[in-house]
S.K.: 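Would you mind keeping the following structure in view while I ask a few things?
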There are 2 protein chains.
Amino acid sequence: MQKQAKAVFEQYLSKKNLKATHQRNLILETFLKTEKHLTHEELYEIVKKKDKSIGQTTVYRTLKLLVESDIAREVDFGDRIVRYEHKCCHIHHDHLICMHCKKTIEIVDSQIEELQESIAAKYGFVLVDHNMSLYGICNDCFK
Amino acid sequence: MQKQAKAVFEQYLSKKNLKATHQRNLILETFLKTEKHLTHEELYEIVKKKDKSIGQTTVYRTLKLLVESDIAREVDFGDRIVRYEHKCCHIHHDHLICMHCKKTIEIVDSQIEELQESIAAKYGFVLVDHNMSLYGICNDCFK
DNA sequence: CTGTTCGATGAAATTAAATTTCAATTTCGG
DNA sequence: CCGAAATTGAAATTTAATTTCATCGAACAG
Ligand SMILES: [Mn+2]
Ligand SMILES: [Mn+2]
Ligand SMILES: [Zn+2]
Ligand SMILES: [Zn+2]
């Protein structure tokens with residue numbers, strides 16, 4: 001899984017004539033090891049522990065490369081905070097978010113995907129991507 | 001339609017002990033007259049033509065009030081630009097966006113809404129809100 | 001109508017986020 | 001190893017949004 005993402009990145013870099021640097025490798029590895037939806041800032045904090053010399057700008061720039069190479073995906077749970085999640089080697093999923101405790105559940109639902117396709121088709125669109133977030137209150141928070 | 005929104009706003013202001021000012025009225029009226037998804041900046045430009053003295057800050061502040069009073073809704077078509085659309089007296093809709101020409105189509109689909117409810121229920125959530133955007137290429141742009 | 005009170009306003013200042021600049025450094029093919 | 005070209009980190013810049021504050025105006029009692 002991680003190997004595949006690394007191979008994808010390597011290939012992307014070489015295709016674009018970009019270099020495989022220590023910083024890029026470290027940032028990618030760190031990103032792949034986390035299983036949360038993390039912000040640019042959060043990733044930077046973790047990376048900094050492993051290499052104090054890494055700059056925030058490089059994390060910004062590398063995250064942008066990860067998005068371009070389809071290794072990462074930007075998500076926004078309605079709070080205007082950009083978070084990143086794994087995309088490479090993961091099936092597409094949507095999110096169910098508790099507005100109270102902020103817990104998020106990843107949803108994989110083929111019925112939804114099919115319905116989205118048919119709606120797009122109805123209007124003569126070729127569907128490329130979508131983004132769906134459901135906001136509610138979870139069991140625990142509902143008391 | 002516009003009358004109802006104005007009544008809602010008036011009621012909201014009085015409930016919160018806020019004042020009905022010339023500026024707030026003008027901004028609300030201008031917003032209600034447009035039928036597009038417009039940015040804070042775009043609304044400001046239109047408002048300024050009617051009253052040169054109005055400040056951008058007031059447009060910001062008033063848009064916030066409109067959102068709080070459920071007259072407006074913030075939307076983001078994936079470009080991180082906040083746009084505002086009418087919410088009061090409009091049935092909920094989702095969006096289908098052409099990634100090429102940026103045309104947007106408003107979707108009302110009860111099947112989707114039902115499916116969303118049932119997904120939320122499956123995970124023990126009470127659904128409060130959702131946001132779905134479909135990105136694709138429209139007929140015209142597909143050539 | 002006043003006059004008074006307290007919220008509203010606009011300009012400027014501030015804060016915060018993201019991007020750009022640039023000199024020094026690193027990568028990598030030869 | 002060398003040198004060209006990309007990369008880096010810090011600082012500067014840009015941009016967006018919020019806050020501050022002196023003045024203004026809405027609302028309401030009298
Ligand atoms: Mn996710
Ligand atoms: Mn709309
Ligand atoms: Zn919860
Ligand atoms: Zn189009």
Side-chain angles (χ1 to χ4, degrees), chain A residues 6 9-31 37-69 72 74-84, chain B residues 6 9-31 37-69 71-84:
Chain A
K6 284 183 191 175
F9 193 49
E10 218 170 292
Q11 193 160 2
Y12 179 80
L13 291 178
S14 103
K15 192 182 69 190
K16 295 266 180 173
N17 260 57
L18 305 175
K19 288 173 177 170
T21 66
H22 159 66
Q23 289 92 332
R24 285 174 178 164
N25 289 333
L26 181 59
I27 292 167
L28 172 58
E29 258 179 36
T30 308
F31 173 69
H37 302 101
L38 32 69
T39 62
H40 146 268
E41 183 78 25
E42 287 163 347
L43 182 58
Y44 173 59
E45 291 303 327
I46 303 174
V47 164
K48 216 166 47 176
K49 284 181 191 155
K50 303 184 190 174
D51 181 345
K52 269 190 77 116
S53 75
I54 277 189
Q56 224 173 7
T57 319
T58 301
V59 176
Y60 262 108
R61 289 190 279 224
T62 303
L63 274 170
K64 191 164 283 186
L65 293 179
L66 295 186
V67 170
E68 286 167 13
S69 58
E74 293 186 348
V75 293
D76 174 355
F77 296 149
D79 51 10
R80 314 245 108 242
I81 297 173
V82 179
R83 292 164 188 281
Y84 296 86
Chain B
K6 284 182 191 175
F9 193 50
E10 217 171 293
Q11 193 161 1
Y12 179 81
L13 291 179
S14 103
K15 193 182 68 189
K16 295 267 180 173
N17 261 57
L18 305 175
K19 287 172 179 171
T21 66
H22 159 67
Q23 289 92 331
R24 285 174 178 164
N25 289 334
L26 180 59
I27 292 167
L28 172 58
E29 259 180 35
T30 308
F31 173 69
H37 302 101
L38 32 68
T39 61
H40 146 268
E41 183 78 26
E42 287 163 348
L43 182 58
Y44 172 59
E45 290 305 324
I46 303 173
V47 164
K48 214 166 49 174
K49 283 179 191 153
K50 302 185 190 173
D51 181 345
K52 268 189 78 115
S53 75
I54 278 189
Q56 226 174 7
T57 318
T58 302
V59 176
Y60 262 107
R61 288 191 278 225
T62 304
L63 273 171
K64 191 163 283 186
L65 294 179
L66 296 185
V67 170
E68 285 166 14
S69 58
I71 289 166
R73 183 162 79 117
E74 293 187 348
V75 293
D76 174 355
F77 296 150
D79 51 10
R80 316 245 111 242
I81 297 172
V82 179
R83 291 163 188 283
Y84 296 86

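These numbers come from a predicted model, not from an experiment. Labels below follow one simple rule: chain letters A, B, ... track the order of the sequence lines, proteins then strands, and each chain is numbered from 1.
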S.K.: Atom OH of B:Tyr12 to atom P of C:dA8: distance rounded to whole Å?
M.R.: 11 Å
S.K.: Rounded to the nearest Å, what distance is computed from the CG atom of residue B:Leu63 to the C1' atom of nucleotide D:dT18?
M.R.: 15 Å
S.K.: For the pair A:Glu29 and A:Lys6, find out whether any cationic side-chain nitrogen is under 4.0 Å from an anionic carboxylate oxygen.
M.R.: yes
S.K.: Does atom NZ (A:Lys50) have a neighbourhood of more than 12 heavy atoms from anything else shown, all under 6.0 Å?
M.R.: yes
S.K.: Taking CG from B:Asn25 and P from D:dA26, how many angstroms apart are they, rounded to a whole number?
M.R.: 10 Å
S.K.: Give the rounded distance in Å between these two atoms: CD of B:Gln56 and C1' of D:dT15.
M.R.: 12 Å
S.K.: Provide, to the nearest angstrom, the distance between the OH atom belonging to A:Tyr44 and the C1' atom belonging to C:dA17.
M.R.: 15 Å
S.K.: Between C1' on D:dA17 and CG on B:Leu65, what's the gap in Å once rounded to a whole number?
M.R.: 15 Å
S.K.: Other residues, nucleotides and ligands only: do more than 12 of their heavy atoms fall within 6.0 Å of CD on B:Glu10?
M.R.: no
S.K.: Can you tell me how far C1' of C:dT9 sits from CG of B:Leu26, to the nearest Å?
M.R.: 14 Å
S.K.: Apply salt bridge (charged side-chain N to carboxylate O under 4.0 Å, His left out) to A:Glu68 and list each qualifying residue two or more places apart in sequence or on a separate chain.
M.R.: none
S.K.: For nucleotides 27-30 of chain C, list the nitrogen or oxygen atoms of the protein found under 3.5 Å from its nitrogen or oxygen atoms, one pair per line.
M.R.:
unit_1	atom_1	unit_2	atom_2	d
C:dT27	O2	A:Lys19	NZ	2.8
C:dC28	OP1	A:Ala20	N	3.2

S.K.: Within a 6.0 Å radius of atom CD on B:Gln11, are there more than 12 heavy atoms belonging to other residues, nucleotides or ligands?
M.R.: no
S.K.: Is the backbone of A:Val59 close enough, under 3.5 Å, to the side chain of A:Thr62 for a donor and an acceptor to pair up by distance?
M.R.: no
S.K.: Which residues satisfy the side chain to side chain donor-acceptor pair (under 3.5 Å) test with B:His40, sequence neighbours excluded?
M.R.: none
S.K.: Taking only residues two or more places apart in sequence, or in another chain, which ones meet B:Lys64 in a salt bridge (charged side-chain N to carboxylate O under 4.0 Å, His left out)?
M.R.: none
S.K.: Does A:Arg24 place a side-chain N or O at less than 4.0 Å from the phosphate oxygens OP1/OP2 of D:dA6?
M.R.: no
S.K.: Using atom CD of B:Glu74 as one end and atom C1' of D:dA17 as the other, report the distance to the nearest whole Å.
M.R.: 12 Å
S.K.: Which residues pass the salt bridge (charged side-chain N to carboxylate O under 4.0 Å, His left out) test with B:Arg61, sequence neighbours left out?
M.R.: none
S.K.: List every contact pair, protein side and nucleotides 18-25 of chain C side both N or O, where the distance is under 3.5 Å.
M.R.:
unit_1	atom_1	unit_2	atom_2	d
C:dA18	OP2	A:Tyr60	OH	2.9
C:dT19	OP1	A:Lys64	NZ	3.3

